[in-house]
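Each remark here refers to the structure printed beneath this line.
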There are 2 protein chains.
Amino acid sequence: MSRVSEESGTAAKETTTERIPAALRREQILAAASRVFGERGYSGATTDQVAQAAGISQPYVVRMFGTKENLFLEVVARALDKLITTFRVVLAEPQPAGDDDADSLVARLGAAYVDLIEDRGILLSLMQAFITGHDPVIGAKAREGFLQIYRMLRDEAGFPPEIIRDFLANGMLFNTLLAIRLPDIFEDDEAAEELMRCAFRGKLDVVLDATGSHASHAMSAPTGTAGTHS
Amino acid sequence: MSRVSEESGTAAKETTTERIPAALRREQILAAASRVFGERGYSGATTDQVAQAAGISQPYVVRMFGTKENLFLEVVARALDKLITTFRVVLAEPQPAGDDDADSLVARLGAAYVDLIEDRGILLSLMQAFITGHDPVIGAKAREGFLQIYRMLRDEAGFPPEIIRDFLANGMLFNTLLAIRLPDIFEDDEAAEELMRCAFRGKLDVVLDATGSHASHAMSAPTGTAGTHS
DNA sequence: GTCTATAGCATGATAGAC
DNA sequence: GTCTATCATGCTATAGAC
């Protein structure tokens, strides 16, 4: 498989030098930055890599956001916002008639979380921010963001601490599995496959799909059993 | 050369220019590197920061390990080894007469994991390696290491996938909370405190102690409000 | 065994043209 | 709105002295 020039929505380098409204370009840069930072982390990513991913020049990236740090902070803020918003949507949905206990809600939130993988940058950028907790500026935002999620699950979803802990724990495991790219060695390693089937529950296909790992693996339990443990 | 000041055990800059056996110096460098890489990550850390933490010159660090990458890989390999060894010790211990089911074993492994925080570098370096999964070399080792842990819990401890998943999930949450330095804002934020009490269970004091967060907080209420699930 | 000096490249950011 | 050129810094790695 040779990847030749042209970009296709999700991840590639642009080539045109069109004049585009600043607001739009800004979005393009943020989207590219989300992917790059998600992959390489704050220190590991360069403004030039972001620029290339967005199809513009490096100085323009800096010009738009002032500093690399600002760009990262904006990426993280967006990711957090998207996550919070996604959860709120689920919380606003009417409880499915059958079992409307906390367990069911946790399951739906979990499923929504997994679906966020559609844009890998969101989950990974957040994770990268958490891991950069030592940084005075980024670290502060990371802590704040993590606690914001915690409070939301407690105050808006009404979960008790233990439920939240388990939910967050599964989220962190999910992020980590994505980071080490476990989906990439699916099938090459029996342990990897077993762990993934178990960790991603009925969402395995969605994950493999989103991560570009050989798509056809269909075997999803219809309604997906993306719940939190038994 | 007149460098003054003094170092003190765990985390400080050495100052003496003594001639020390290579093997020992190697250990000192690895210890320093473990801390530095654990904090800043592979890209974020510099060989000079490691050198200063170890109290020697930057070129000497490189001389000893060839490249920064080699040094990081060695740090990670050691961390993984320590973790595996720690778990094996627990598995070898005789089951406490009372309840010797899987739940009890999981609890003891979890406690042993938390105790590893004594050397923050171990847990954080591993986490940093996981998050660097995009790197061809480091990523490969990270995947391999993660799967090694999984296989051990499955083949040596005899746990079923779901138990392992939950165990690993809690481990990743623990690592993340350490990374964002939640222990540092313990008491400054009610949500942070609540989450920590719940996540660290009866080990809160051990954690606060190891992370240097105002030590005296003793209240490891055996089964108090921090409730340990079922 | 350990240091000083330094080469050489990568990177973030600035200046200014178009 | 976007680029080219470029400065300045920081960093890994090498050379070689003591």
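Values in this document were obtained by computation on a predicted structure and should not be read as measured data. Chain letters run A, B, ... following the sequence lines, proteins first, then strands; residues in each count from 1.
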Which nucleotide, D:dT12, C:dG1, D:dT2, lies nearest any side-chain atom of B:Arg19? C:dG1

What is the distance, rounded to the nearest whole Å, between atom NZ of A:Lys68 and atom P of D:dG10? 14 Å

Within the 4.0 Å heavy-atom criterion, would you say B:Ser57 contacts the bases, only the backbone, or no part of the nucleic acid? base

Using a cut-off of 6.0 Å, state whether more than 12 heavy atoms not belonging to B:Glu118 lie near its atom CD. no

Go through A:Gln128 and A:Ile131 one step at a time and tell me if the side-chain contact (heavy atoms from CB on, under 4.5 Å) criterion holds. CA-CA 5 Å; A:Gln128 293 287 177; A:Ile131 222 67; 3.9 Å; yes

What's the CE-P distance between A:Met64 and D:dG1, to the nearest Å? 7 Å

When rounded to whole Å, the CG to C1' distance for the pair B:Asp48 and C:dT4 reads 13 Å

Measure from the side-chain heavy atoms of B:Val62 and tell me the nearest of C:dA13, D:dT14, C:dG1. D:dT14

How many Å lie between CD on A:Gln58 and P on D:dA8, as a whole number? 16 Å

Is any NZ, NE, NH1 or NH2 atom of the basic residue among B:Glu27 and B:Arg78 found under 4.0 Å from an Asp or Glu carboxylate oxygen of the other? yes

May I ask you to say what A:Ala23 touches in the nucleic acid, namely base, sugar-phosphate or nothing, with a heavy-atom cut-off under 4.0 Å? nothing

Against the side chain of A:Ile20, the closest entry in D:dT2, D:dA13, C:dT14 is D:dT2

Taking the minimum atom-to-atom distance to the side chain of A:Pro59, which one of D:dA15, D:dC3, D:dA5 wins? D:dA5

Which nucleotide in D:dT2, D:dA13, D:dG1 has an atom nearest any side-chain atom of A:Ala22: D:dG1

Give the rounded distance in Å between these two atoms: CZ of A:Arg25 and P of D:dC3. 7 Å

Whether B:Arg165 side chain and A:Ala199 backbone form a donor-acceptor pair below 3.5 Å: no

Please state how far atom CD in A:Glu69 lies from atom P in C:dG12, giving the value in whole angstrom units. 13 Å

Nearest whole Å is fine: how far is C:dG12 C1' from A:Gln52 CD? 15 Å

Taking for each residue the nucleotide of DNA chain C bearing the nearest heavy atom, is the 5' side occupied by A:Thr47 or by B:Tyr60? B:Tyr60

Report the nucleotide, chosen from D:dT12, C:dT11, C:dC3, that has the shortest atom-to-atom distance to any side-chain atom of A:Thr46. C:dT11

Check the distance between C:dG12's C1' and A:Arg40's CZ and give it to me in whole angstrom. 17 Å

Using modelled atom types and a 3.5 Å cut-off, is there a donor and acceptor pairing between side-chain atoms of A:Lys68 and backbone atoms of A:Tyr42? yes

